Amino acid sequence: KRISKKQNKNLPPSPPKLPFIGNLHQLGSLPHQSLWQLSKKYGPVMLLQLGNLPTVVISSAEAAKAVMKTHDLDSCSRPPLQGAQRLTYNHQDLAFSPYGEYWREIRKICVLELFSVKRVQSYWSIREEEITKLINSISHHSSSSPSSPVDLTEKLFALTASMIFRIAFGTSFEGSDLNHNRFNEVVQAAEATMGSFCAAEYFPYVGWIFDKLSGLHQRREKIFHELDSFFQGVIDDHLNPGRKKNQQDDIIDVFLKIVKEQTGFGAAILTETNIKAVLLNMFLGGVDTAAITMVWAMAELAKKPSLMKKAQDEVRNCIGNKGKVTESDIEHLHYLKMIIKETFRLHPPAPLLLPRESISHFKVNGYEIYPKTLIQVNAWAIGRDPASWKDPEEFIPERFMDSPIDIKGQHFELLPFGSGRRVCPAIYMGTTTVELGLANLLYSFDWELPSGMKEEDINMEESTGLSLTLNKRTPLKLVPKKHL
Ligand code: HEM
């Protein structure tokens with residue numbers, strides 16, 4: 001109804017829709033790819049009707065700049081997604097909270113206190129210790145069964161989960177109530193239920209019935225209670241005066257100090273619920289994204305051994321016999337940084353970023369965008385746009401050799417972390433993890449394909465589903481040969 005009232009206005013082009021579901025059936029199992037195909041026909045600013053939700057899809061650097069820079073303030077809210085509502089304590093987190101006083105306050109705390117360069121650097125020893133554990137476990141595998149492959153996907157997810165766990169809670173999995181596997185399962189399940197098809201999102205009034213029948217509602221409740229009681233347990237433990245404190249503040253210590261010292265937090269008061277909601281963002285935002293990036297980078301290098309060798313020569317010439325790469329070495333690894341940018345271009349971990357919602361009326365490329373429209377920026381499509389990239393399907397890190405393009409949201413042809421007010425607040429934390437992890441894998445081992453496999457056999461398909469992040473469909477398995 002809302003759209004038909006505006007029929008005489010200049011709305012973005014739309015593919016034909018079906019009654020009731022609109023364009024939902026056109027999303028397919030890989031929405032970013034389906035939307036990319038549709039954008040080739042309907043243009044870089046396209047209007048879809050997803051059930052009840054008018055949705056504008058942005059698929060060019062120029063249109064992304066118009067939304068995320070020129071009209072950032074008009075478009076920087078988040079839609080009140082039902083999928084995320086329960087798990088974020090009614091959108092009291094940072095990532096899904098609507099634009100307003102609360103979001104500004106919590107974002108300020110996160111940027112200044114939790115994800116600042118100084119804070120992230122203070123956790124250097126956690127990152128280095130966890131990477132040393134990973135290298136030791138791969139070395140052990142390589143000496144006990146020299147020609148068998150390791151599952152790098154599994155190892156790298158375990159690595160990033162352990163790092164974030166220690167940074168957030170000050171203890172490792174071994175010292176906690178929840179074991180490693182169960183914790184990973186719960187985090188993956190939380191992510192899946194956030195991204196999964198939630199009928200209530202698209203069909204208000206009746207959608208909840210489908211969600212009850214499909215079991216989505218019950219699954220979400222179960223995950224919510226498990227995560228909530230775990231987070232509460234760790235917070236209670238930190239509040240216990242008899243607790244033996246680490247030398248260094250973990251994220252819960254930092255938060256609890258803010259709670260204790262706060263005189264006022266905007267109009268409201270920061271509570272334990274807010275802490276739990278932001279902890280959830282850290283796990284859902286921080287574990288998968290860095291692991292996925294390392295997996296894709298290793299898969300691309302395994303497909304192109306000459307690039308793998310070039311990267312190894314760089315890191316080995318730089319580090320010599322030191323035994324491991326440390327964070328201060330990273331600034332010298334220019335080729336590695338180009339590999340990471342190229343990986344982000346072809347495999348942005350969040351291909352559609354996070355959805356935005358428009359707050360006021362504005363125009364993009366001459367088309368009208370109305371308030372309360374959902375906006376999806378297709379970073380995956382923009383990274384493959386031939387208008388911005390030569391040979392876009394090819395993995396060529398050298399394209400960044402003399403290029404000013406970086407990944408921090410100032411160059412709209414490359415947006416792995418988004419841009420504008422909603423840009424990822426943890427870019428430094430994410431890139432540091434990826435750089436250090438990859439550098440050590442390349443320094444410590446030569447990587448071979450499992451016997452009988454050729455480079456062209458490596459499966460580069462993306463995992464299907466409506467998850468917010470985009471993983472490689474099959475695990476990456478390579479044979480490590482210890483270098484030193
Ligand atoms: C390689 C690593 C990472 C990538 C590629 C990534 C990507 C993104 C993207 C695309 C967004 C949405 C931006 C937008 O809407 O324009 C985002 C937001 C966010 N990310 Fe990250 N992220 C990474 C690491 C992390 C880490 C390590 C954390 C926390 C520990 C984190 C926490 C968040 C939060 C809280 C938001 C929401 C910000 C807001 O809405 O104000 N991310 N990230």
Side-chain angles (χ1 to χ4, degrees), residues 32 58 64-65 67-69 72 75-79 81 84 88 91-100 102-111 113-116 119-120 123 127 156 160-161 163-169 187 191 250-251 254 274 277-297 340-341 343-345 347-357 374-380 382-383 407-410 412 414-438 468-471:
H32 58 286
I58 300 294
K65 186 173 178 183
V67 170
M68 304 170 100
K69 189 170 179 185
D72 189 28
S75 67
C76 69
S77 200
R78 297 277 190 221
L81 294 179
T88 58
H91 305 127
Q92 289 199 61
D93 62 333
L94 172 62
F96 292 94
S97 129
Y99 180 73
Y102 174 77
W103 173 79
R104 277 197 298 274
E105 289 294 327
I106 196 89
R107 172 113 190 163
K108 200 161 69 193
I109 289 179
C110 288
V111 168
E113 298 288 346
L114 305 190
F115 306 133
S116 68
R119 177 80 58 202
V120 172
Y123 298 124
R127 281 186 294 277
L156 290 171
T160 52
M163 278 183 187
I164 300 265
F165 197 95
R166 282 183 65 188
I167 289 172
F169 304 135
V187 169
E191 204 166 275
D250 57 51
I251 295 292
V254 177
N274 307 121
V278 175
L279 285 175
L280 182 89
N281 283 174
M282 287 189 66
F283 282 98
L284 299 195
V287 174
D288 271 21
T289 45
I292 285 173
T293 310
M294 289 189 272
V295 169
W296 282 117
I340 294 172
K341 280 187 189 174
T343 307
F344 278 138
R345 181 182 72 81
H347 310 285
L352 295 169
L353 310 182
L354 290 180
R356 288 180 163 225
E357 188 183 79
L374 197 130
I375 302 175
Q376 294 275 196
V377 176
N378 194 343
W380 189 94
I382 294 173
I407 49 177
K408 294 183 190 150
Q410 301 306 315
F412 293 84
L414 187 62
L415 292 170
F417 293 96
S419 180
R421 285 175 174 73
R422 286 289 186 161
V423 71
C424 177
I427 299 182
Y428 182 68
M429 188 167 180
T431 48
T432 308
T433 307
V434 172
E435 289 166 349
L436 195 67
L438 276 178
L468 296 172
T469 50
L470 188 61
N471 206 344

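The analysis underlying the following values was restricted to heavy atoms, covering all of them including side chains, and did not include hydrogens, waters or symmetry mates. The model shown is predicted, which means the values in this text are computed figures rather than measured ones. When a residue number appears, it is its place in the shown sequence, counting from 1. Each ligand, and each atom within it, is numbered from 1 in the order the structure gives.
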Student: Please round to the nearest 0.5 Å and tell me the distance separating atom NE2 of His91 and atom OG1 of Thr88.
Tutor: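 So the gap between those two atoms works out to 4.5 Å.
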Student: Identify all pairs of nitrogen or oxygen atoms, one from ligand 1 and one from the protein, separated by less than 3.5 Å, and list them with distances.
Tutor:
{"residue": "ligand 1", "atom": "15 (O)", "partner": "Arg78", "partner atom": "NH1", "Å": "3.1"}
{"residue": "ligand 1", "atom": "15 (O)", "partner": "Arg78", "partner atom": "NH2", "Å": "3.1"}
{"residue": "ligand 1", "atom": "40 (O)", "partner": "Arg78", "partner atom": "NH2", "Å": "2.9"}
{"residue": "ligand 1", "atom": "40 (O)", "partner": "Arg422", "partner atom": "NH1", "Å": "2.9"}
{"residue": "ligand 1", "atom": "41 (O)", "partner": "Trp103", "partner atom": "NE1", "Å": "3.0"}
{"residue": "ligand 1", "atom": "41 (O)", "partner": "Arg107", "partner atom": "NH1", "Å": "2.8"}

Student: Between Tyr428 and Tyr123, does the ring centroid distance fall short of 6.0 Å?
Tutor: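 No: the rings miss the under 6.0 Å criterion.
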Student: So, using side chain to side chain donor-acceptor pair (under 3.5 Å) as the criterion, who are the partners of Arg127 when residues are at least two apart?
Tutor: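 Checked Arg127 against side chain to side chain donor-acceptor pair (under 3.5 Å); matches are Glu327.
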Student: Among all residues two or more places apart in sequence or in another chain, which pass the salt bridge (charged side-chain N to carboxylate O under 4.0 Å, His left out) test with Lys108?
Tutor: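 Once residues adjacent in sequence are excluded, the partners of Lys108 under the salt bridge (charged side-chain N to carboxylate O under 4.0 Å, His left out) criterion are Glu105.
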Student: Hey, what's the ring geometry for Trp103 with Tyr99, parallel, tilted or perpendicular (30° and 60° as the breaks)?
Tutor: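 Rings of Trp103 and Tyr99: tilted, 30 to 60°.
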Student: Can you list everything that forms a salt bridge (charged side-chain N to carboxylate O under 4.0 Å, His left out) with Arg356? Sequence neighbours excluded, please.
Tutor: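 Partners of Arg356 by the salt bridge (charged side-chain N to carboxylate O under 4.0 Å, His left out) criterion, ordered by chain and then number, come out as Asp72.
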